[in-house]
Structure formats: C-alpha cells, structure tokens
Amino acid sequence: MPCVAIVGAQFGDEGKGKVVDYYSKDADVVIRFQGGCNAGHTVVVDGNEFKFHLVPSGAIYQKKLIIGNGAVLDLETLTNEIEEVKSKFKKIDLLISDRAHVTLPFHKILDGAEESIRSCKVGTTKRGIGPTYSDKIARFGIRIVDLLDKNLLNEKLDAIIPQKNSILRYVCKSDDSLTKDEILEYCLKYAEKIKPYIGDASIEINRAIKEGKNVLFEGAQGTLLDVDQGTYPFVTSSNTTAGGACVGSGVGPKVIDKVIGVIKAYITRVGEGPMPTELNDSIGELLKKKGNEFGATTGRPRRCGWLDGVALRFAVRVNGLDGLIVTKLDVLGGLNEIKICTSYEYSGKEINEFPASLKILEKATPVYETLSGWPDLSKEEYKEIADKGYYALPKEMRNYLKRIEEIAGIPIYLVSFGQDREATISLREIF
Ligand code: IMP
C-alpha cells in the first residue's frame, strides 16, 4: 500500500506537519497538492522548531519534495523556504509543478480589500489565497510556467493590471495601485531563483507510483475548510479533501491506496464561521493556553471546543477515510470529564449528518456524551508510555480513543501527545 493521502479532518491545524514528518521517514516522495502560504506546518525535531508554509513537511527527512499544480505559490515565501532548507540541510530535492499558480503581491492587497467590503467577513489569513484561486478559475492567473517566458508574462500582466487597479480603486475604494513594471520585475527576479526546481510534477509522481515507491500526499487546512464541502463561505479557496490530492497533483483517483484523516483530540477553528461545539468558557480558555492554540501563520487565537463527532463522520464520508490519527491528547489531561458531541439538536429534531445550512450549524445544540478524563502527565511520563506502547496509556484515554473509533466507524492508526517525534504511538502501519 505505498500511496497514502493525509488530510485534515477538522478546520485545519490538526497537527499534519508533525504527522507527515513522522511518516516521511518511510516515504520516498512527499507531495503538497493544494493551498498556499495560508498553511503553517510546524515540525519539532530535537527541540528545534521548523515552520513550513509551502515546502512539504518531508523536508527534514530530506525526501523528494513535490509541490503539485493545485498549490498557489507566493514566490518570496517559497524562495525563502528553499533557502532555509538548503542552509539547514545543505540541499533540497524539490520539484515545483509548472502548472501551479502564482500568488502575486496584488493578490494579498486584494485579499485585504475584498474582506473590507464583504457583508460577512471570512477572517482570511490575508495571504492572497482567495484572489489567486479566483484568478485561476476566471482564467486570468499566472502559472509557474509563465514565469519562464518574459514576453508572455508581459502580455498577461498588460491585461491583468488595469483590471486589478480598477477593482482596487472603484470596488474596494482602496488607494493602492499597481504598476506592471514593478510586478514584472518581481516575477523575473524570483523566476531566476526557482527555475532549477520547475518541471512537470505529474510525470514525476506517476513514475514514482509505477515504480512502487512510498508516496505521501500532504493536505493543508482541513475538511471543513474545503471550498466545496466545508462551511462555505467560511472556507479556504481550495479542495482540502482527499479528492484534491488527485486534481492537485495530476494523478488518477485509483492510485491512492489509503486516505488517513488527522484530528485533534478536541477541535479548533481560526477565523470566522460556525463551530457547534465551541467552548466560550474556562475549559475553552484552558485548551487554548495549554494547547498553544494560536495560528501558525497569523498568530491569531484559535477558537476551541469539544470533539465534534458529527463533523468527524462527515469527514470520514467526504474523504473516504480509511483511518484516523489523533493528536494533542496530552492537552486534555487533567480534566475530570471530557465531552464528545455525537449529534446536534435543531428545532426539536436530532441531526446526525453535518448540514450545508450555516443557519442550522449556528443554531444547532450539540448533544454530548461524557467520558472520564485522565491525569495530566508530564513529558517524561508520556515518553515512558511511548516506549512501552499503547496499553501503557491511561485507561480513560484508551476508552476515549475507542469511542472516537466507534463514532467515526474507522480505526486509529497513530496517536500523538506532544510535538516531538517521540511523543507518538503507532497502532497500524500506513505503508
Ligand atoms: P484563506 O485561506 O486565507 O483565504 O482563509 C480562509 C479561512 O480559512 C479563514 O477562516 C482562515 O482562518 C482559514 N485558514 C486558512 N488556512 C488555514 C490553516 O492552515 N489552518 C487553519 N485555518 C486556516
């Protein structure tokens, strides 16, 4: 089973960076297939923290890294990350899809300007993600391959810049304006830097799959932020669900052998939008502090709540999940009771399926089951447990995990209780 997709099964920030780094040890190729530098994948190794926005989390194990066509690339961030990996690890084995789209400086300006005129704010990361994907779909986008052809780039920018200036001026009432020469210069400067890494990612990925290599697809954000399946319009602009791995990297759906969803032991959300199990009380505050729940990209505090089993079953269905990974179990330690939402109640009716209507989601009352908590354990205690294996975990934690498996209807592959690679117990192999 060498071809595995790992996706977020909540609102993002589930700990995918740590998980993908963990599995990268046995992977040959790691592919990032959607999103841009709205993502912040944190990996901690030997006390050193690495934060990647665009480069796949297999970077630390020095695996073949591929950025697929479904990603949108901020050239400055990308170049900085390449340099960072090269300076820390001497080299980087990276391929950037020539079909990926480019986030230009005006996309970031437009992101802020569009938010300011929205009737309901999305609370974006202001990294230009929505405007870049809008241009892609509207067929005004600049692709990585365009950066290699100065005349074509010039022509495309000639058509795009006046349009963007009109939107900024007349729609967004913004004083910002753009000049083509500045943008052309910006593109050409970074084109030179990333040129050695540009190529046809689909060919490379399909070749690796044919050769039976272990291939890992790394999702960004989470299922509930998927532009089609999520809590629209409070979503990101890409397909964060498993199907995105295929369209975003140029492989057919039959090649993915296994899809694994990552969840936190509770749930968090950054930005606006409904979140039925949100806790606006001392427990919510405790989870935020203890779990260090602040956005990796923007530093914004994340909203915290109990695990939402309705949303979890939805994630299992729309991704076709085969298994789960549960992270941050340590954060729940020390609570007497832990709740888990199994259904919602709305207008006197029980709701078991995650609804499309935001009105229902906003007004739904979670129906909770209460389980016993487990003690607050130190890093050292967890380390001893990790050495001994799954049955050394507190009984109450194992009960909680068992209940998650029952609600989701799929098995757990890995549990994690800290940022370090060692704070992990594997229950099943993914490759
Ligand atoms: P955008 O992706 O910057 O357009 O933001 C759209 C929504 O997705 C906002 O609510 C963001 O807070 C959220 N979002 C985007 N990227 C991430 C992420 O990596 N983790 C968590 N939330 C995210």
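Below, each value reflects all heavy atoms present in this structure, side chains not excepted, and no hydrogens, waters or symmetry copies. Atoms within each ligand, like the ligands themselves, are counted from 1 in listed order.
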Open item on the list: Salt bridge check, Lys402 against Glu405: does any charged N sit closer than 4.0 Å to a carboxylate O?
Closed with: no

TODO: To the nearest 0.5 Å, tell me how far Asp281 CG sits from Leu279 CG.
DONE: 5.0 Å

- [ ] Before accepting this row, confirm whether a basic side-chain N of the pair Asp13/Arg302 lies closer than 4.0 Å to the acidic partner's carboxylate O.
- [x] yes

TODO: Report the part of Asp111 (side chain from C-beta onward, or backbone N, CA, C, O) that has a heavy atom under 4.0 Å from ligand 1; answer both or neither where that applies.
DONE: neither

Task: Taking atom 21 (C) of ligand 1 as the reference point, the nearest protein heavy atom with its distance - done: Asp13 OD2, 3.0 Å

Open item on the list: Any non-hydrogen side-chain atom of Ile183 less than 4.5 Å from a side-chain atom of Cys187?
Closed with: yes

TODO: Note the single closest protein heavy atom to atom 3 (O) of ligand 1, along with its residue, its atom name and the distance in Å.
DONE: Thr125 OG1, 2.6 Å

Task: contact_flag Arg302 ligand 1 heavy-atom lt 4.0 Å - done: no

Open item on the list: Less than 4.0 Å is my threshold; does some heavy atom of Gln221 fall inside it relative to ligand 1?
Closed with: yes

Open item on the list: Which option wins on minimum heavy-atom distance to atom 11 (C) of ligand 1: Gly36, Gly123, Pro233?
Closed with: Gly123

- [ ] Give the residue, atom name and distance (to 0.1 Å) of the protein heavy atom nearest atom 7 (C) of ligand 1.
- [x] Val235 O, 3.7 Å

Open item on the list: To check you understand the geometry: which heavy-atom pair defines the closest contact between Tyr344 and Ala364, and what is its length?
Closed with: CB-CB, 3.7 Å

Task: Top protein contact for atom 14 (N) of ligand 1, by heavy-atom distance - done: Leu225 CD1, 3.8 Å

Open item on the list: Once you restrict to heavy atoms under 4.0 Å, what part of Phe11 touches ligand 1? Side chain, backbone, both or neither.
Closed with: backbone

TODO: Examine Phe50 together with Phe89 and report whether their ring centres are nearer than 6.0 Å.
DONE: yes

TODO: For Arg300, counting its heavy atoms only, list the atoms of ligand 1 lying under 4.0 Å from any of them.
DONE: 11 (C), 12 (O)

Open item on the list: Between Thr77 and Arg127, does the side-chain contact (heavy atoms from CB on, under 4.5 Å) criterion hold? Intermediate values first, please.
Closed with: CA-CA 11 Å; Thr77 306; Arg127 295 299 189 272; over 6 Å; no

TODO: Could you tell me which atoms of ligand 1, counted from 1 in the order shown, lie closer than 4.0 angstrom to a heavy atom of Thr236?
DONE: 1 (P), 2 (O), 6 (C)

- [ ] Considering heavy atoms of the protein only, find what lies nearest to atom 5 (O) of ligand 1 and give residue, atom and distance to 0.1 Å.
- [x] Thr124 CA, 3.4 Å

Task: Side-chain ion pair, Asp93 and Lys64, N-O less than 4.0 Å - done: yes

TODO: List every atom of ligand 1 that sits less than 4.0 Å from any heavy atom of Ala39, numbering the atoms from 1 in the order shown and giving each element.
DONE: 19 (O)

Open item on the list: Does any part of the side chain of Gln229, heavy atoms only, come nearer than 4.5 Å to the side chain of Thr240, both counted from C-beta?
Closed with: no

TODO: Answer side chain, backbone, both or neither: which part of Val270 comes under 4.0 Å from ligand 1, heavy atoms only.
DONE: both

Task: Side chain, backbone, both or neither: the part of Arg269 lying under 4.0 Å from ligand 1 by heavy atom - done: neither

Open item on the list: Regarding Glu293 and Lys264, does a basic nitrogen lie under 4.0 Å from an acidic carboxylate oxygen?
Closed with: yes

TODO: Decide whether an N or O pair under 3.5 Å exists between Ser237 and ligand 1.
DONE: no

